[in-house]
2 protein chains.
Amino acid sequence: MEIKLLKNVPLFSELSPGELEELLELSEKRRYPKGSIVLYKGDVGQVLYLILKGKVKVVLFDENGKEIILSTLKSGNYFGEMSAFDQMPRSATVVTVEDSEFLVISQRSITDQINKNPHIALKLLSEMSRRLREADEQISNLALLDVRGRVAQILLKLYKGTNVRKGEDYRIVPRPALKDIAAMSGTSRETVSRVLSEFSKRGLISLTKENIIIFEGLELDEDID
Amino acid sequence: MEIKLLKNVPLFSELSPGELEELLELSEKRRYPKGSIVLYKGDVGQVLYLILKGKVKVVLFDENGKEIILSTLKSGNYFGEMSAFDQMPRSATVVTVEDSEFLVISQRSITDQINKNPHIALKLLSEMSRRLREADEQISNLALLDVRGRVAQILLKLYKGTNVRKGEDYRIVPRPALKDIAAMSGTSRETVSRVLSEFSKRGLISLTKENIIIFEGLELDEDID
DNA sequence: GCTGGTTTATGAAAGGCTTCATAATTCTGC
DNA sequence: GCAGAATTATGAAGCCTTTCATAAACCAGC
């Protein structure tokens, strides 16, 4: 039944129907409503979660509850692989932002598959490289850019995730909550509100109720100031 | 000749002498004096560098030359693996901070070894997991802590890297330059200077010419303030 | 052991961002 | 369609950090 679904996940695309079958039998399907905590930072656990349906955010909190979003993942993506490979506790908390469904795969199943089929390892290495790049970029943004720059980077990244283009502009649909943009930029809701209205006044973006339209030129933000 | 050296690198510890020999023959040894740029962000190139001797820093710069240090690596560590696995350009610049010597291994050699010996893939996955954790922690520090907290975290991390313990205190030897602590904390030299002298006045650390001694209690810094 | 260059310490001013507060707007569920 | 909840907009005060400037300390090499 989900064989077809798995087949479309790049990570498993090289597996034979038999191997997929085997993987499925050893795995468990789990559902979580929107807003559930799937795993907690500090937990031990070596299972990997493949997102079949829905969307999650990977987050960290400080002692006052201030949140930083490390990444957002949707169906076809997976998380929890780090603990599967280095046996350390969960390094972040994962929360569903939509009703979601996961395939929970044990570390054992994964390493078994790697041994049979090293190609899977290369897929994993490639994906982890991508994540490391993104993490490095986020570090760079936090350390080297001011809030305007960071928010601009987040808008561009959000656009790449939605990919709605009309003529010369780029739309982020649906419009994300300011507090989420803030949690991605490492700043406060209020500051994001101010920064976006400044961008809007400068003609770099257009804010509507349903979306944010990015005009060419936002990339250059740093210079214009 | 370097077979013995390679044997001690965790990444290759499972390889047979024959496989090590093969790897060595396909690889090239390269030396760089202190202060050399080994690879530039944006370059294309899929080779992996194994550090045989010396020390490097992985850095990013903003347009004014302000630097953020993503990590510091020493002999036995490797870098450049990301481009080897996802074929994207170099995501950061690597600079030697000591005279250094590298074994330059082609992506091809690595994937060949992975196919022969999936265990190598697991080592790589484990190491990349570790790096991702560190990156996430750095993001969290930058986004959620003030400068004091970030500098404190860097001191603790530096201590873990030197591991000189005498009685109840922990020493960072040799004492790093303030500008490097700054580049790791995402702040300025001047601010690090002020923060350290504040820590010193509060009795959390002791600053000497040769080292920094961390007393128990620095971890709690956030609370004390 | 001196000289020039580098690193560190510290003050002062300015600015960016946070925080708190309030009002307006929008959304949600009945 | 309404009431209450959540989100957004905006002002004001204050703090943290940066930046610039200067002096002191330190270091490296001849």
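The structure displayed is predicted, hence computed values, not measured ones.
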Problem - Mutual orientation of the aromatic rings belonging to Phe102(A) and Tyr49(A) [parallel < 30°, tilted 30-60°, perpendicular > 60°] - result: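 Plane angle over 60°, so perpendicular.
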Exercise for the section: Please work out which residues in residues 187-196 of chain B have a non-hydrogen atom less than 4.0 Å from an atom of DNA chain C and list them by number. Expected result: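 Correct list: Arg189(B), Glu190(B), Ser193(B), Arg194(B).
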Taking [atom1] from [X] and [atom2] from [N], how many angstroms apart are they, rounded to a whole number?
{"X": "Glu198(B)", "N": "dT10(C)", "atom1": "CD", "atom2": "P", "answer": "12 Å"}
{"X": "Asn64(A)", "N": "dC20(C)", "atom1": "CG", "atom2": "P", "answer": "10 Å"}
{"X": "Leu207(B)", "N": "dT10(C)", "atom1": "CG", "atom2": "P", "answer": "11 Å"}
{"X": "Ile181(B)", "N": "dT8(C)", "atom1": "CD1", "atom2": "C1'", "answer": "12 Å"}
{"X": "Leu144(A)", "N": "dT18(D)", "atom1": "CG", "atom2": "C1'", "answer": "14 Å"}
{"X": "Lys34(B)", "N": "dA28(D)", "atom1": "NZ", "atom2": "C1'", "answer": "11 Å"}
{"X": "Leu142(B)", "N": "dT17(D)", "atom1": "CG", "atom2": "C1'", "answer": "14 Å"}
{"X": "Arg175(A)", "N": "dA9(D)", "atom1": "CZ", "atom2": "C1'", "answer": "11 Å"}

Handout entry: Validation row: Gln138(B), Gln153(B) side chains within 4.5 angstrom (heavy atoms)
Key =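 No; the side chains remain at least 4.5 Å from each other.
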Which residue pairs satisfy the salt bridge (charged side-chain N to carboxylate O under 4.0 Å, His left out) criterion with at least one member in [range], sequence neighbours excluded?
{"range": "residues 178-187 of chain B", "value": "none"}
{"range": "residues 128-141 of chain B", "value": "Asp86(A)-Arg133(B), Glu81(B)-Arg131(B), Glu127(B)-Arg130(B), Glu127(B)-Arg131(B), Arg130(B)-Glu134(B)"}
{"range": "residues 186-197 of chain B", "value": "none"}
{"range": "residues 32-49 of chain A", "value": "none"}

Handout entry: Pairwise side chain to side chain donor-acceptor pair (under 3.5 Å) hits with a residue in residues 64-74 of chain A, at least two apart
Key =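 Passing the test, one end in residues 64-74 of chain A: Lys57(A)-Glu67(A).
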Handout entry: Trace of the side chain to side chain contact (heavy atoms under 4.5 Å, CB included) decision for Leu155(B) with Leu196(B)
Key = CA-CA 10 Å; Leu155(B) 292 183; Leu196(B) 290 186; 3.8 Å; yes
Problem - Pair Arg175(B) + Glu210(B), salt bridge at N-O below 4.0 Å - result: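 A salt bridge is absent here (no side-chain N lies under 4.0 Å from a carboxylate O).
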Exercise for the section: Only counting residues at least two apart or in another chain, list the ones meeting ring pair (Phe, Tyr, Trp, His ring centres under 6.0 Å) with Phe12(B). Expected result: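 Here no residue qualifies.
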Handout entry: Verdict with supporting geometry, Asp62(A) and Ile68(A), side chain to side chain contact (heavy atoms under 4.5 Å, CB included)
Key = CA-CA 9 Å; Asp62(A) 71 4; Ile68(A) 172 83; over 6 Å; no
Completion exercise
Counting primed atoms, P, OP1 and OP2 as sugar-phosphate and everything else as base, the B/S/- map of nucleotides 23-30 of chain C against protein heavy atoms under 4.0 Å is ----S---
Return the polar atom pairs (N/O with N/O) between nucleotides 3-7 of chain C and the protein under 3.5 Å, or none.
none

Handout entry: Axis-to-axis angle between the two ends of the helix from dG1(C)-dC30(D) to dC30(C)-dG1(D) (five base pairs per end, rounded to 10 degrees)
Key =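 The helix from dG1(C)-dC30(D) to dC30(C)-dG1(D) shows an end-to-end axis angle of 60°.
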Exercise for the section: List for me each residue that meets side-chain contact (heavy atoms from CB on, under 4.5 Å) alongside Ala84(B), sequence neighbours excluded, and say none if there are none. Expected result: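 Counting only residues at least two positions away or on another chain, Ala84(B) forms a side-chain contact (heavy atoms from CB on, under 4.5 Å) with Gln107(B).
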Handout entry: Contacts of type side chain to side chain donor-acceptor pair (under 3.5 Å), residue Asn211(B), not counting sequence neighbours
Key =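 So Asn211(B) forms a side chain to side chain donor-acceptor pair (under 3.5 Å) with Thr208(B).
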